[in-house]
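Proteins come first, then strands; the chains are lettered A, B, ... in the order of their sequence lines, and each starts at number 1.
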Protein chains: 2
Amino acid sequence: MAGADMPDLGIGALARRTGCKVETIRYYERIGILPEPPRNSGGQRRYHAWHLKRLNFVRRARDLGFTLEDVRGLLRLVDEQGHGCDEVRTMALGHLEAVRARLADLKAMEAVLGEMVARCEGGNVPDCPIIDALYREPA
Amino acid sequence: MAGADMPDLGIGALARRTGCKVETIRYYERIGILPEPPRNSGGQRRYHAWHLKRLNFVRRARDLGFTLEDVRGLLRLVDEQGHGCDEVRTMALGHLEAVRARLADLKAMEAVLGEMVARCEGGNVPDCPIIDALYREPA
DNA sequence: CTTGAACCTGTAGTTACTACAGGTCCTATA
DNA sequence: TATAGGACCTGTAGTAACTACAGGTTCAAG
């Protein structure tokens, strides 16, 4: 029996519960990622559990590196009842490949940087091996 | 005896030799990364070997993931004669750490994505395990 | 001399937010 | 009930690092 049943949330409370910033939530609404919530008599946004769930979905997908366009696609698939699991899988696989490519890039960068720094251990030589390395091998 | 002595280069030739786009070169000039070259009688930019060397330096540093601000700092150090090798080393080390942190992030992403996709292998279940995974664990 | 590629400037678009400015509303306390 | 101050509102502009035009000039080859 933690939170009783939750009537509705202001934008700040939603932000706290999802880890998004308030401005980000309004931004998602503006670009159509999060639907416009109802407003109270004073014109302020009131969110329900549904919005919380959806925003958490968005945030998790973003954390995993999906672009907002990807997220838009995933949400579309989620919203079609009986969504095609293979479409979702295809998107996730494509993204996984992109992540792996980026990983390979970063590993190469790490190797070059690591070697540059290691060669420099010596200290204060007049012609720095790091600068030299940057001038050499334009890839 | 490859290229004889090279008198000067138009912006397009410089672009071809460095792998930068023409617009990028003009952009670097605008923001002060690449100094303004002399112009010919018609007002077009003429580059020399020095610019080629400097732009290659910039490009290589960018390829290694240094920001333009980093590059600005590196160039400043390069231009001070008797530059401090330890300053350069500190920058490179800092950057190496950033790269390693990003690598760790990406590896975590890869693991989660990989597992999501693997659980989905089965095919066309009505409630997709990937979507489920995105709804679960808001991290 | 003509044509078409290369070049010029200046501005706006991209991604995914973030940060104001200048106001209105809500709520708790005195 | 008055009021203080936090939460909220809209709209715009800024960030990084380019990229992509539009609407013109210049260059070089034939």
Side-chain angles (χ1 to χ4, degrees), chain A residues 7-34 36-48 51 54-75 95 98-99 102 105 109, chain B residues 7-34 36-48 51 54-75 95 98-99 102 105 109:
Chain A
D8 56 354
L9 261 39
I11 196 170
L14 184 65
R16 273 191 302 283
R17 290 195 192 205
T18 54
C20 293
K21 303 208 166 177
V22 167
E23 290 92 342
T24 305
I25 296 175
R26 285 196 285 246
Y27 169 70
Y28 284 164
E29 180 180 323
R30 223 169 38 246
I31 65 170
I33 288 285
L34 197 63
E36 297 186 25
R39 306 282 183 123
N40 68 6
S41 56
Q44 301 193 349
R45 291 166 179 85
R46 296 283 110 188
Y47 295 97
H48 302 282
H51 294 99
R54 171 154 293 222
L55 187 50
N56 271 329
F57 181 99
V58 172
R59 186 160 158 57
R60 175 126 170 91
R62 293 285 303 123
D63 281 350
L64 285 173
F66 287 95
T67 66
L68 281 179
E69 264 330 288
D70 292 340
V71 171
R72 225 186 272 279
L74 287 169
L75 287 172
H95 184 51
V99 166
R102 184 85 186 113
D105 276 5
M109 276 171 47
Chain B
D8 56 355
L9 259 38
I11 196 170
L14 184 65
R16 272 189 302 282
R17 289 193 191 208
T18 55
C20 292
K21 301 205 168 182
V22 166
E23 291 92 341
T24 305
I25 297 175
R26 285 196 285 247
Y27 169 70
Y28 284 164
E29 181 180 323
R30 220 167 44 245
I31 66 171
I33 287 284
L34 197 63
E36 297 186 23
R39 307 281 183 122
N40 68 7
S41 56
Q44 303 194 348
R45 292 166 179 84
R46 296 282 110 188
Y47 295 96
H48 301 284
H51 294 99
R54 171 153 294 221
L55 187 52
N56 270 328
F57 181 99
V58 172
R59 184 156 161 60
R60 176 128 170 90
R62 292 286 303 122
D63 282 350
L64 285 172
F66 287 95
T67 66
L68 279 180
E69 265 330 289
D70 291 340
V71 171
R72 226 186 273 278
L74 287 168
L75 287 173
H95 184 51
V99 166
R102 184 82 186 116
D105 276 5
M109 276 171 47

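Residues meeting the side-chain hydrogen bond (donor to acceptor under 3.5 Å, both in side chains) test with A:Glu69, sequence neighbours left out: A:Arg72. With sequence neighbours left out, B:Tyr28 forms a ring pair (Phe, Tyr, Trp, His ring centres under 6.0 Å) with no residue at all. For the side chain to side chain contact (heavy atoms under 4.5 Å, CB included) test, residues two or more places apart in sequence or in another chain that qualify with A:Ala13 are A:Leu9, A:Arg16. For B:Phe57, the ring pair (Phe, Tyr, Trp, His ring centres under 6.0 Å) test picks out A:Tyr135, with sequence neighbours left out. With sequence neighbours excluded, no residue satisfies side-chain hydrogen bond (donor to acceptor under 3.5 Å, both in side chains) with A:Arg46. Every residue two or more places apart in sequence or in another chain that forms a side chain to side chain contact (heavy atoms under 4.5 Å, CB included) with B:Phe66 is listed here: A:Leu113, B:Ala61, B:Leu64, B:Asp70, B:Val71, B:Leu74, B:His95. Among residues two or more places apart in sequence or in another chain, the side-chain hydrogen bond (donor to acceptor under 3.5 Å, both in side chains) test is passed with A:Glu29 by A:Arg45.
Regarding contacts with the backbone of C:dC26, a side-chain N or O of A:Ser41 is found under 4.0 angstrom from either OP1 or OP2. Contact check, B:Asn40 against D:dC27: a side-chain N or O comes under 4.0 Å of OP1 or OP2.
Candidate nucleotides C:dC17, C:dA19, D:dC18 were compared by shortest atom distance to the side chain of B:Tyr28, and D:dC18 ranks first.
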Problem - Nucleotide-resolved protein contact map, nucleotides 3-11 of chain C, B/S/- at heavy-atom distance under 4.0 Å - result: ----SSB--
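The stretch residues 66-73 of chain A touches DNA chain C through A:Thr67, A:Leu68, each having a heavy atom under 4.0 angstrom from the strand.
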